[in-house]
Every structure is written in structure tokens, then in C-alpha cells.
Protein chains: 2
Amino acid sequence: MTLDVHRLRVLAAVAQHGSMSGAAEALGYTVSAVSQQVRKLEAEVGQPVLERHSRGVTLTDAGRAVAEHAELIDRQLHSLRARLDDIAGLRAGSLRLGTFPTAGSSLLPLAVTRFRQEHPGVHLSVSSSRLRGLLNMLESRAVELALLWDYSWSRIANPGLKITHLLDDPTALIVSATHPLADRRAVRIPELAEEPWIIRADGHPVGELLLRSAHTAGFRPTIAFEANDYQEAQAMVAVGLGVAMVPRLALAGLRDDVRVLSLGAQVPSRRVLLARLAGRRPTEAESRMGQLLVEIAGSPSLLRGSTSS
Amino acid sequence: MTLDVHRLRVLAAVAQHGSMSGAAEALGYTVSAVSQQVRKLEAEVGQPVLERHSRGVTLTDAGRAVAEHAELIDRQLHSLRARLDDIAGLRAGSLRLGTFPTAGSSLLPLAVTRFRQEHPGVHLSVSSSRLRGLLNMLESRAVELALLWDYSWSRIANPGLKITHLLDDPTALIVSATHPLADRRAVRIPELAEEPWIIRADGHPVGELLLRSAHTAGFRPTIAFEANDYQEAQAMVAVGLGVAMVPRLALAGLRDDVRVLSLGAQVPSRRVLLARLAGRRPTEAESRMGQLLVEIAGSPSLLRGSTSS
DNA sequence: GCTTCGCCTTTAGCACCACTTAAGTATGCC
DNA sequence: GGCATACTTAAGTGGTGCTAAAGGCGAAGC
């Protein structure tokens, strides 16, 4: 017959106090309740667990075995409770984060570092992916939080996601260090009408960004190269193949042989966003990480680093 | 709040089957029951254990912790069940036995050996003591079974004990190897009227035995020495200090320099008894040991050993 | 020998709770 | 839109774990 854990614990109390009356008092029961539970336990066990005599009871071998295991189970429960408290108190648990590559080299490292310092017990894992991958990871629950980005003409509007706006990442121009514009601090779009351009491959929105800006300025840009990431784009710019529009956050690792020029408000900014699945209450870890990201995104030092270099 | 083990196991089932419906089917419950139990569990835990979404549920960190510990507790229960089965099947458990010294050197070793062969998992312990000590040990439950003895005029009549008669242990006479009677096989009491006697100290019943036998034969014995045990008595007999009446079982370790003479039915036998506390159902181990002792006591080889040597 | 006390048991009854039934909500797929 | 899947909610019921009360039993004390 199946053993009932509650009954085991009643017997453990009897064992501990040496009598049913003692156990009853300790448990806040009447003696009768204890007696009945012990009797049912004996039916489950298939043999007596107590020897009754006029001055209390003594445990049989079977009773001792039961009491011992009940203690072990009790310990399991306490350890579980402790573990749950750890998770609630951000001393344990896990948080899985998704990010896109250029946030991965600026905003995210700061947040990860601070989170790890604050909560060393929480297992933090980060996966980097492109935008489409990130959305998949969110929806398949491979990550709890993801950093995303969008431009004004292609807003992420997924009703399944709860989105927090972290910061605006302005678009800058990069040119080779040997380019005639290399010593300028800023430039106006119409000045760039004759430049060959480096854009991102695969219809990356930075291409759209260029087309729109050029159109507003009244020219059609010449595309000289389609790069797979911003590092490659920088390299092409460096050797003078063309100039490129890039988000400031993508310039964390700036090469010596390229220069950054401000485009001011002539070109739309990229929004950097934090997303989580809507419809689920965020865990403590998610909330805390969200707070940290908002704080860090709001601090002015984040973008200054890339402009001043 | 206190964690209910049953609920933990429900969650473990959910974890195992990946959905409440799966768990419900496995447990023989309705989905509704599982849902309600999980909800109550979350109240106990203080945080969500599941994330619900349209295609089932996934565990939170807290849920995983709960499910893991539930598995551990399940294992504890299985191990307890196995241990209880071992105890019931005499593959585990313990048996504590009390004995008096002369049974300890004959009847008991055989029984102990056979019991240990049959049930190597049962922890068998034997305490040797005098009669009064044995009764105390029984009543204080320091032993479950005890070997006792009595004579016809001082029967053990304790209503708290359940007594089994194992065998009759005849009384023999021992004399020095140099004694005139040394080559006889038997002797009649009246022939011993002039002998000095060795008896046991502290009013041991063997003294009473001598007095009664002598009185029947019409003489008053001369007491030459009061020995503390039968080994000492043998030693005194060996050096010719006197002769002694001893139970056959006490002659397991017979010295070279003493001789045993039969007294036949002239002198009352000692009864050897097995006692357990009345009013408690004997355990399997007690029953089996009882059987073994009855068998061994009934086999003719037991006393032959000491008479033939 | 009687009561008294401590401890466990038994019986009856009540209250709670874990379950079922049934209806409802949300989401995804044809 | 409608159906299917999966969980939730509300109401109702049976089982069971508890209390209360009475009782038995052995030990201790007068």
C-alpha cells in the first residue's frame, strides 16, 4: 500500500517525543488523532511500527526505519524551501537573455557585469542572434528577455511582446581616415551625394535608412559593397571603398583608420528595445535585469565612449 | 507557508509529462484537479512554478526546484518501502536475545549460527546475564527474547511473560578424576552422604537442589565451597575439594580431570525456557528464532555431547 | 483492595479539502 | 469563422483527518 508522507511525519514526532501524547502536543493534535494516524500507518506499512505498553510506546525496527526516512524527507523539504527562498531572493535561479551583436558589445556587457556582481548565484546566460532569431527565441521561451532594435518605419509591433524603450541610438557616418571629410566633426547629407556607399547585406534596414535619407536629400546613392556585419563594413570603409551609415553603438570597436562624423538629426535613430513575452508576470531576475538595462541605457556615458574615440 | 508533499508530487508529474493534461491522465485525476493543486502549490511556494501558454506549460526555476525535490522524496519513499519489505522478509532488522551463561555455551550458539546463516541481514545481538537480570531486560525491552531456567519448586510464573518450555536439563554429579567413584557411570544419592559438596554461591537454586535430594535420601550435606560459576565449581571438584551437582548443559566445557556421573531421575531436572513479553505479537524474527530454539532443543544430539565426553 | 493517574484506543460526529462536473477563457489551426 | 487544445473557474460532493467523549489497561499510591 502507498505510504502517506504526512503519517510518516506523525510517526517521526512520536519517535522524537517517545509517546503519542508528546507527539500530539508537539503537533497540536489530540492524542486520538495521533493514535488513529499511527494505526493507519501500520496498515500501510504492513507491520507494527510501535510496541504499546502502559508507559508509552517504543519503536519497532520498522518504526525506526519509518522515522528515519521521515527525517530525511523533512530535510528535503527544508532544503527545498531554502532553495525556493534563494530563487525568490535572487540568490539562485537563472536568467536567459537574447541580444543582437552590436548591443552585445556595449550596453549588454555593462548590464551583465553589474547583474553578476549583485546576484552571483543566478545563472545568467546570453545568446546573441539576429533580429528574427531573437523573436523566435522569445516565443519559444529559449530566452526570457531580449534586446531588440527597430527604426521608425518598421516598428516592432508584436502584441505577444511587452516592449520597453531603452535608448535611441543615433546614426553616424564613417569614412576612411584618408577621406577628404576625415577631419570634419559633422556633415550634411547633400554633401555625400557622390560618395560610393557600403551597406549591410540581406536587406538590412541600414540600407533602407540610406535610401530614405538620400531620397530626402534628392539623390540616389551608389552602392559599392554589401557587408555582412559592421566590422566588415568598417574594413571596407577603411580601405576607401566607400562611406557608411552606422548606428553609434555599433562603433564600440572603432578602427584606427576610420573616422566618425555626426549626422545630427538628419537621419533617423535606431531604437534599442528590451522585450519580454507579454502575459507572464516577470520574475524577480527579469525585473532586476530590466531595471539595470534602463539605468545603463539612460546614463550619458554609454554613447559618449564611441563618439569621442 | 508549509509545503504539502502531495502537491509537490503533482507538480513533478506535470514536469514529467510536460502538461497538466498529461499529468492528470497519469495520476488518474481530472485536469481541473491538477490545475487547482498547482495553484495551491504556488501559494505555498510564494512564486509561480509554471508558465502557462497556449501549448501547455513550462516550468519556472522554482518549479524545477520543486520537481527535483519531489523526485528525491519519491526516491526516499521507495527506499523506505524496500527497507520495510526487508524487515518483513527477515532480510533486515534486528533481534536482541538474552541468555544465561550455561545456555550461552551450548543451546544458543547453535541457534545463533543457524539464524545468522538463514538471515544474514538481521542484526542479532546476545546479552548474557543472571536470571534476575534477564527478567529486567525483558521487562525493560532491552531484549525481545530471553532464555531462562527454573526448577519445579520455584517456577517462573510471571503473567507478563509468555513462556515456552524448550527442554529438560538433567542434573549430573561431577567428581574428581581421582575420586573413588570416578569410574562409575551412575551413582545413587545415599552413596554420597559423606561427601563434601561444592555448591553455587548467593543462594543459587543448585544448593536448594542438593538440600532437597539429600533430605530425601536422609542426610545433611556438608558444604565445602561456594563457587561463583560452574567453571569454578569444576575446578574445585577437580582438586578434590568435594563433589557437585550440576546441570548437564553446564558441562559443555568439561575439564579433563573431572568425571560426570548420571543421577538419573533421583534429582529434579532444570527446565530451560524461552520467554518473551506477553501482550505483544512476536515479530517475524522472534518467531523464527523461537522455532529454531525449539528444534535444536528437541534434537537428541544436544545433551549427548556433554554426557559422552 | 480501592482509587488515581498516565497513556493509549474506540466511536461518533463534524468540517474541511481534494476531487469531479460543467461551463468558461484563451490561443492556434484549418 | 469554427473547431481543437489546454488551462481556469465555480459549484457541489465524498472521503478523511480531526475533535470530543467515553473507555480500557497497567502502574503507583493510599
Side-chain angles (χ1 to χ4, degrees), chain A residues 1-11 13-15 17-44 48-60 63 136 138-141 158-161 277-281, chain B residues 1-11 13-15 17-44 48-60 63 136 138-141 158-161 277-281:
Chain A
M1 199 187 305
T2 177
L3 295 167
D4 178 79
V5 175
H6 182 231
R7 282 197 250 277
L8 304 191
R9 303 176 77 189
V10 169
L11 187 74
V14 173
H17 296 87
S19 70
M20 294 197 185
S21 346
E25 190 172 359
L27 295 170
Y29 293 164
T30 60
V31 183
S32 170
V34 174
S35 172
Q36 291 174 61
Q37 290 305 306
V38 170
R39 192 152 293 280
K40 285 179 184 168
L41 177 64
E42 288 181 325
E44 290 173 355
V49 294
L50 293 179
E51 281 175 24
R52 285 95 167 151
H53 46 266
S54 58
R55 284 161 129 40
V57 296
T58 50
L59 293 181
T60 62
N136 280 340
L138 270 174
E139 275 160 19
S140 67
R141 281 154 233 272
N158 189 326
L161 296 181
L277 278 187
R280 38 189 295 280
R281 182 169 46 212
Chain B
M1 197 187 308
T2 177
L3 296 167
D4 177 80
V5 175
H6 183 230
R7 282 196 249 277
L8 304 191
R9 303 175 78 189
V10 169
L11 187 76
V14 173
H17 295 87
S19 70
M20 293 197 185
S21 344
E25 190 173 359
L27 295 171
Y29 293 164
T30 59
V31 183
S32 171
V34 175
S35 172
Q36 292 175 58
Q37 289 307 305
V38 169
R39 193 153 292 280
K40 285 180 184 171
L41 177 63
E42 288 181 326
E44 290 174 353
V49 294
L50 293 179
E51 281 175 26
R52 287 91 167 152
H53 46 265
S54 57
R55 282 161 127 43
V57 295
T58 51
L59 293 182
T60 62
N136 280 340
L138 270 175
E139 275 160 19
S140 67
R141 279 153 235 271
N158 188 327
L161 297 181
L277 278 187
R280 39 189 294 281
R281 181 170 46 210

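So that the names make sense, note that chain A is the first sequence line, chain B the second, and so on, each numbered from 1.
Nucleic acid contact class of B:V34 (heavy atoms, under 4.0 Å, all strands): none. Within 4.0 Å (heavy atoms only), B:G22 reaches no atom of the nucleic acid at all. Residue A:H53 is out of contact with every strand shown, counting any heavy-atom pair closer than 4.0 Å.
The main-chain N or O of A:T58 is never found under 3.5 Å from a side-chain atom of A:E51 such that the two would form a donor-acceptor pair. Looking only at distances, a side-chain donor or acceptor of A:E42 sits under 3.5 Å from a matching main-chain atom of A:V49. A donor-acceptor pair under 3.5 Å is formed between the side chain of A:T60 and the backbone N or O of A:P48.
To the nearest angstrom, P of D:dT8 lies 13 Å from CG of B:L41. Distance CD (B:E42) to P (D:dT9): 11 Å, rounded to an integer number of Å. At whole-Å resolution of the value, CD in A:E44 and C1' in D:dT16 are 12 Å apart. B:R55 has its CZ atom 11 Å from the P atom of D:dT5, to the nearest Å. Counting to the nearest Å, the P atom of D:dG26 and the CD atom of A:E51 are 15 Å from each other. Distance B:E25 CD to D:dA6 P: 11 Å, rounded to the nearest Å. Following rounding to the nearest Å, A:Y29 (OH) and D:dT16 (C1') show an atom-to-atom distance of 12 Å. In this entry the distance linking CG of B:L277 with P of D:dG26 reads 12 Å, nearest Å.
Taking side-chain N and O atoms only, B:R52 has no distance below 4.0 Å to OP1 or OP2 of C:dA26. Between B:R7 and C:dA18 there is a side-chain polar atom (N or O) within less than 4.0 angstrom of OP1 or OP2. Of the side-chain N and O atoms in A:R39, one or more sit less than 4.0 angstrom from OP1 or OP2 of C:dT9. The shortest distance between the side-chain N/O atoms of B:S21 and the OP1/OP2 oxygens of D:dC7 is below 4.0 Å. Close to D:dT19, at under 4.0 Å from its OP1 or OP2, lies a side-chain N or O of A:T30.
The side chain of A:S32 approaches D:dT19 more closely than any other nucleotide in the set D:dG17, D:dT19, D:dT8. Listed nucleotides: C:dT27, D:dC18, D:dA27. Nearest to the side chain of A:A33: D:dC18. The side chain of B:K40 has C:dA18 as its nearest neighbour among D:dT9, C:dC8, C:dA18. When the nucleotides D:dT8, C:dT27, C:dC7 are ranked by their closest atom to the side chain of B:V31, D:dT8 comes out on top.
Side chains of A:S32 and A:Q36: a donor-acceptor N/O pair is present below 3.5 angstrom, by distance only.
Below the 3.5 angstrom threshold, one finds a donor paired with an acceptor across the side chain of A:Q36 and the base of D:dT19. Contact annotation: side chain of A:Q37 to base of D:dT16, donor-acceptor pair absent below 3.5 Å.
Between the CG atom of A:L8 and the CG atom of A:L41 there is a distance of 6.0 Å, given to the nearest 0.5 Å. Taken to the nearest 0.5 Å, the CG atom of A:L11 stands 8.5 Å off from the CE atom of A:M20.
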